[in-house]
Amino acid sequence: MITNKIIKSIIFSGLSFFMVAAHANDALLKSTELTSPQQALFSINNHRETVQFSRAMTDTDFSKKSQTQPVKTESQEYWFRVSGNDLKQGVTLDTSGVEALIRISPKSMHDPRLPVAKQSAPSTNLAIDLEQLEITTPSGKVTKGIEAMSFHANSKQLETTPFEKGTSAFKIDKAHATGRYQLKTSQSIPDKQEYLIYVLDKNSPYKLNMTLDNQQLFSGQNMSAKIELKKSGITTNLESVSGNIVSPGGKVYPINLTASKSGAFKFEEPLDMPFANRAGLWEMRVVSETQGGSSTIKRNSKLAFAFQPKTARINKKSKQASPSKAGLTNAVNISVSHAGRYEVTGVLYLVDRNGTAKSIAEARTAKWIEQGSDKVELLFQKSLLPALKKGQKFKVGNIGLNDQSRMSRLQ
């Protein structure tokens, strides 16, 4: 009998899988500076009043941290789609570690004429009955499916889990060798019904590593990724890798990956997504395959990244602050492709005769700016300014730019 511990093992040993996607025809990769003014962008903040704010800083050493945050994922899994007819004819899967975990889920039949909200969900009667599954082991032995399993869970036992309705799961018994298996069902299922087969090869020495140099990207900014297969921690050759980028709405855009001398694959291109009208989480997905001795090593992986339209940029950063009756002001010139409310931030430093800088105040100004070029003034209030001693001067640095209409940080 299956226990809660076993169900938890099924859940937490591999929740990540993605849906094989739609066709791509939109332009994705090209260099651009600002998002096209002709593109309509979503806006949530349309206040027109200019607001200025400044505060004292107690930090003795203010340094702007890099926004570049590399992110990495490690995969011992892969997944693929088959039809009901394929399952009745027999489908193959490869393992390179003992006790691989297998999940089989019926997929919704997509009707392009209907909106996403009205797409039909798969019914429970489409679930694969593991009692009717036949498994051929790598040695060629044909067995009744459950005889080759160390445990199994049917769709009813998994109905309270996060998996799709109708999911069945099992683990291959460790008594069987690694290599190529065949799954075949005698069940009466629709020929055209799609199923997702997910394989978690958790005891395999092979792991697919994928790294993105930056998890936050703007239109026109370079996206850099590295994909490498490691066997027991040592990089090994990848024979075949394909990749794509998937929008928050599910559109799929193929990308080109280039092989390196080390056997890894790389991707480095500037991104332009003219159809993206707001900041959102996108995904980079890869499918890989290579030969590992007598086994075929298959691995899939995905990583999320934030993409934001580039609606404005700083043209000139003036480091010198000008005195005024209210304190010190610093003018920042920016170019804007889409009208909106923009915020400029900056830090005022006190620099001594030796060139050592100490942060003493921060200023922020939010202003509505129409398409084109404009000037935003940072004001450091007089009450925040110490009297200058001989050899000292003020300097403004760490200029930042935020698009408050679309809630995104631009610089």
Salt-bridge contact D352-K358 (side-chain N to carboxylate O under 4.0 Å): no

Close side-chain approach of M284 and I227, heavy atoms under 4.5 Å: yes

Sub-4.5 Å side-chain heavy-atom contact between T137 and I172: no

Heavy-atom side-chain proximity of V396 to L328 below 4.5 angstrom: no

Test item: T185 and Y195 side chains (from C-beta on) under 4.5 Å apart, heavy atoms: no

Full working for side-chain contact (heavy atoms from CB on, under 4.5 Å) between M223 and F305: CA-CA 10 Å; M223 181 178 188; F305 64 93; 3.5 Å; yes

Neighbour count above 12 (heavy atom, 6.0 Å) for K298 NZ: yes

Inter-residue atom distance E134.CD - Q182.CD, 0.5 Å rounding: 7.5 Å

Test item: N203 side-chain N/O and V98 main-chain N/O as donor-acceptor pair under 3.5 Å: yes

CZ-CG distance between F163 and L158, expressed to the nearest 0.5 angstrom: 7.0 Å

Donor-acceptor pair, side chain of S96 and main chain of I297, under 3.5 angstrom: no

Side-chain heavy atoms of I197 within contact of I102, under 4.5 Å: yes

Distance, nearest 0.5 Å, that separates CG of L378 from CD of E343: 9.5 Å

Side chains of E377 and T329, donor plus acceptor under 3.5 Å: no

Nearest-0.5 Å distance, CG of residue L87 to CG of residue D191: 10.5 Å

Minimal non-hydrogen separation, A264 against K226, with atom names: CB-CE, 4.1 Å

Geometric class of the H176/Y181 ring pair [parallel <30°, tilted 30-60°, perpendicular >60°]: perpendicular

Reported CD-to-OG distance for the pair Q132 and S188, which is rounded to 0.5 angstrom: 9.0 Å

Set of residues satisfying side chain to side chain donor-acceptor pair (under 3.5 Å) with respect to D86, sequence neighbours excluded: S83

Residues V286, L208; criterion side-chain contact (heavy atoms from CB on, under 4.5 Å); working and verdict: CA-CA 10 Å; V286 296; L208 185 71; 4.0 Å; yes

Note, D213 side chain near N222 side chain (heavy atom, < 4.5 Å): no

Shortest non-hydrogen separation from A357 to Y349 and the atoms involved: CB-CD2, 3.9 Å

Test log, rule side-chain contact (heavy atoms from CB on, under 4.5 Å), inputs F80 and V82: CA-CA 7 Å; F80 58 98; V82 297; 3.6 Å; yes

Check: R299 side chain, Y206 main-chain N or O, donor-acceptor pair, under 3.5 Å: yes

Closest contact, heavy atoms only, S242 versus L257: C-CD1, 3.8 Å

Heavy-atom closest contact (P190 atom, L126 atom, distance): CD-CD2, 3.7 Å

More than 12 heavy atoms from other groups under 6.0 Å of NZ on K88: yes

Minimum-distance pair of heavy atoms, taken over all atoms of L379 and G327: CD1-N, 4.3 Å

D201 (side chain) donor-acceptor with T95 (main chain) under 3.5 angstrom: no

Pair Y78-D94, side-chain contact (heavy atoms from CB on, under 4.5 Å): steps then yes or no: CA-CA 10 Å; Y78 68 94; D94 294 274; 4.1 Å; yes

Side-chain heavy-atom pair N315, S373 within 4.5 angstrom cut-off: yes

Side chain E164, main chain S105, donor-acceptor under 3.5 Å: no

Intermediate values then yes/no, salt bridge (charged side-chain N to carboxylate O under 4.0 Å, His left out), R364 and E362: CA-CA 7 Å; R364 295 173 176 267; E362 178 191 36; 3.2 Å; yes

Candidates T235, N209, T211 - the one meeting side-chain hydrogen bond (donor to acceptor under 3.5 Å, both in side chains) with E228: T235

Closest approach of V241 to S288 (non-hydrogen atoms, all atoms of both residues): CG2-CB, 4.0 Å

I360 vs P386 side-chain heavy atoms within contact, under 4.5 Å: yes

Side-chain (T143) to main-chain (I135) donor-acceptor, under 3.5 angstrom: yes

Main-chain N/O of S204 paired to Q76 side chain as donor or acceptor, under 3.5 Å: yes

Donor-acceptor under 3.5 Å (K202 side chain, E99 main chain): no

Short side-chain to backbone donor-acceptor contact, Q187 and A127, under 3.5 Å: yes

Approximate separation, where rounding is to 0.5 Å, of F267 CZ and I245 CD1: 5.0 Å

Test log, rule side chain to side chain donor-acceptor pair (under 3.5 Å), inputs Q291 and T296: CA-CA 5 Å; Q291 286 299 125; T296 300; 2.8 Å; yes

